[in-house]
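Chain A is the first sequence line, chain B the second, and so forth, proteins listed ahead of strands; every chain is numbered from 1. Here the structure is a predicted model, which means the values were calculated and not measured.
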2 protein chains.
Amino acid sequence: MSKNLINWLENVLLQGIIITLKAMTSFTEENYLKIIYMLTELNGGNEVSTNELAEHTQTKAASVSDMLRKLAEKNLINYRKYQGVTLTKEGQYIALGVIRKHRLWEVFLVEKLGFGWDEIHDIAEQLEHIDSKELTEKLDKFLGNPQFDPHGDPIPDAKGKMPSMTSCKLSEVPIDQTVVMVGVLVHSPAFLQHLDKNQITLGSTIKIQEISEFDKSYIVLLNNSQSVFISNEVAKNLLVK
Amino acid sequence: MSKNLINWLENVLLQGIIITLKAMTSFTEENYLKIIYMLTELNGGNEVSTNELAEHTQTKAASVSDMLRKLAEKNLINYRKYQGVTLTKEGQYIALGVIRKHRLWEVFLVEKLGFGWDEIHDIAEQLEHIDSKELTEKLDKFLGNPQFDPHGDPIPDAKGKMPSMTSCKLSEVPIDQTVVMVGVLVHSPAFLQHLDKNQITLGSTIKIQEISEFDKSYIVLLNNSQSVFISNEVAKNLLVK
DNA sequence: ATTAATTTTTAGGTTTGTCTAAAAATTTGA
DNA sequence: TCAAATTTTTAGACAAACCTAAAAATTAAT
């Protein structure tokens with residue numbers, strides 16, 4: 001009971017902080033927070049370095065340093081000079097809000113407007129910064145409260161909670177086992193178009209028939225009907241269950 | 001025939017210019033162009049003054065002057081110091097593109113997401129700057145190529161052509177005549193909510209029953225069923241056909 | 001037709017987010 | 001372990017879009 005109370009209080013306070021912060025968080029800052037979140041995930045929770053951020057923000061390390069100082073002042077990141085950064089609770093909340101919007105818009109673009117999954121990233125990068133809580137929630141409802149986006153990535157709920165997803169790389173699955181394709185680890189148009197060409201989409205069943213000893217490439221049975229060749233590079237970037 | 005050729009050439013060239021300009025036209029510049037377009041319309045094609053623009057951009061006259069110099073350099077406006085501005089052909093094209101997106105998104109927000117017509121302006125102000133031709137055209141198709149937005153304002157087509165709309169103010173309609181509500185001249189939430197409260201919406205039929213000599217207020221028959229009172233202020237801002 | 005009032009522009013500054021070049025800290029490796 | 005290589009930060013500048021204060025042009029009024 002008292003744990004519930006504390007939880008509630010924490011939520012209320014966080015909301016208050018977030019409402020204040022939101023108004024003070026620019027397009028650019030939102031982007032940094034989003035990228036820090038994603039790189040931290042990739043790193044397994046470890047600090048993200050300045051250079052890593054420079055790469056992903058398409059800027060120079062010096063610019064990143066400036067921004068990190070600023071985000072730290074606003075208490076959105078934990079920052080010790082030369083030691084990389086992680087998000088604070090507030091920073092994470094904002095980042096998850098941006099990711100939520102990005103992924104919801106991606107669902108809209110594919111499901112409602114008929115875009116291909118390889119065409120939506122740049123548009124969603126813009127839409128993710130539209131600032132209207134009501135819009136986000138109505139969009140979510142309109143789309144049927146989807147849990148995953150067109151690439152299989154989980155969509156956080158309005159409170160920032162991610163739906164759980166137990167999956168592993170196809171490259172980690174033993175031979176002869178049948179699995180379902182549930183996501184991708186790389187979002188480049190080239191990779192996605194490659195999958196399209198091989199008719200591999202979310203929901204496809206994949207049974208591993210053969211793994212080459214030479215180059216670790218695969219021959220798999222797709223949807224119980226056709227055999228296709230899959231390079232190790234592809235197998236490492238397919239998420240299955 | 002040769003006129004067609006010239007027309008085609010003009011279109012191709014304009015397209016070329018626009019594609020180049022688009023990339024160089026910022027969020028803020030787009031806003032100025034949109035506002036100049038709308039104020040010019042209101043003025044019946046006359047020049048828009050610096051002060052007028054300052055009001056509508058929520059900035060100071062000095063800032064407007066700066067921006068006008070810049071837009072003139074880019075050949076987006078016709079600008080003679082102290083004499084106000086109008087849009088060039090290229091400026092108009094960009095402005096109409098922004099207005100097109102604004103109005104299409106408004107249709108989306110009302111028709112698909114269930115927003116009220118009094119809640120959509122601020123959101124559409126953000127969405128109108130999303131930069132993707134494919135998105136705009138797919139959205140247009142998804143919405144069924146609407147000609148008018150939820151306030152009855154005409155939506156320009158992809159080439160910038162406005163659907164024609166013959167309408168007049170309710171305050172100009174003679175007594176006893178029956179007309180159809182097709183638009184509003186003011187978009188403030190207060191006005192729109194006032195109409196909601198009186199169940200006046202796009203498509204309502206209105207028959208003028210009585211005009212008060214004292215204050216020029218109206219009693220009208222709404223949808224052939226109920227009599228409602230309408231102030232002159234409201235009548236002056238309702239468009240009917 | 002001048003002066004007064006108003007509008008518009010210019011001049012000089014600020015903030016945000018970027019840059020290059022150079023200095024400082026950390027990491028690597030002989 | 002300590003010098004070299006790498007990473008990160010600081011210093012100083014710049015462009016965009018805004019500001020205030022003051023100067024210039026236009027418009028209005030006696």
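- Put simply, CE on A/M24 is 11 Å from P on C/dT16, counting in whole angstrom units.
- Ion pairing between a basic and an acidic side chain is recognised when a charged N comes within 4.0 Å of a carboxylate O; B/K34 and B/E128 show such pairing.
- A/E47 has its CD atom 15 Å from the C1' atom of D/dT7, to the nearest Å.
- Counting only N and O atoms by type, the side chains of B/N75 and B/T88 include no donor and acceptor under 3.5 Å apart.
- Judged by distance alone, the side chains of A/N51 and A/S49 never bring a donor and an acceptor atom under 3.5 Å apart.
- Comparing B/T50 and A/Q83 by the nucleotide of DNA chain C that holds the closest heavy atom to each, the one mapping nearer the 5' end is B/T50.
- Scanning residues 52-69 of chain A for heavy-atom distances under 4.0 Å to DNA chain D yields A/A61, A/A62, A/S65.
- Closest contact between the side chain of A/Y79 and the listed nucleotides D/dT7, D/dT26, D/dT9 involves D/dT9.
- Residues of residues 121-128 of chain A that place a heavy atom closer than 4.0 Å to DNA chain C do not occur.
- Atom-to-atom, OH of A/Y82 to C1' of D/dT7 comes out at 9 Å; the value is rounded to the nearest Å.
- Side-chain contact, A/W117 with A/D149: no donor N or O sits under 3.5 Å from an acceptor N or O.
- A donor-acceptor contact shorter than 3.5 Å is absent between the side chain of B/K169 and the backbone of B/A235.
- Ring geometry for A/W105 against B/F108 counts as tilted: the plane angle lies between 30° and 60°, on a 0 to 90° scale.
- Atom C1' of nucleotide C/dT8 and atom CZ of B/R80 are separated by 14 Å, given to the nearest angstrom.
- The phosphate of D/dA16 (OP1 or OP2) has no side-chain N or O of B/Y32 nearer than 4.0 angstrom.
- Spacing between atom CZ of B/F27 and atom C1' of D/dC18 amounts to 15 Å, rounded to whole angstrom units.
- Between C/dA24 and A/K81, no contact under 4.0 Å exists linking OP1 or OP2 to a side-chain N or O.
- A donor-acceptor distance shorter than 3.5 angstrom exists from the side chain of B/D215 to the backbone of B/S217, with no hydrogens or angles considered.
- In this structure, A/N51 does not reach the D/dT6 phosphate: none of its side-chain N or O atoms is under 4.0 Å from OP1 or OP2.
- By the neighbour-count criterion of 12 heavy atoms within 6.0 Å, atom NE2 of B/H121 is densely surrounded, having more than that number from other residues, nucleotides or ligands.
- Under the salt bridge (Lys or Arg N to Asp or Glu O under 4.0 Å) criterion, A/D118 pairs with no residue at all, not counting sequence neighbours.
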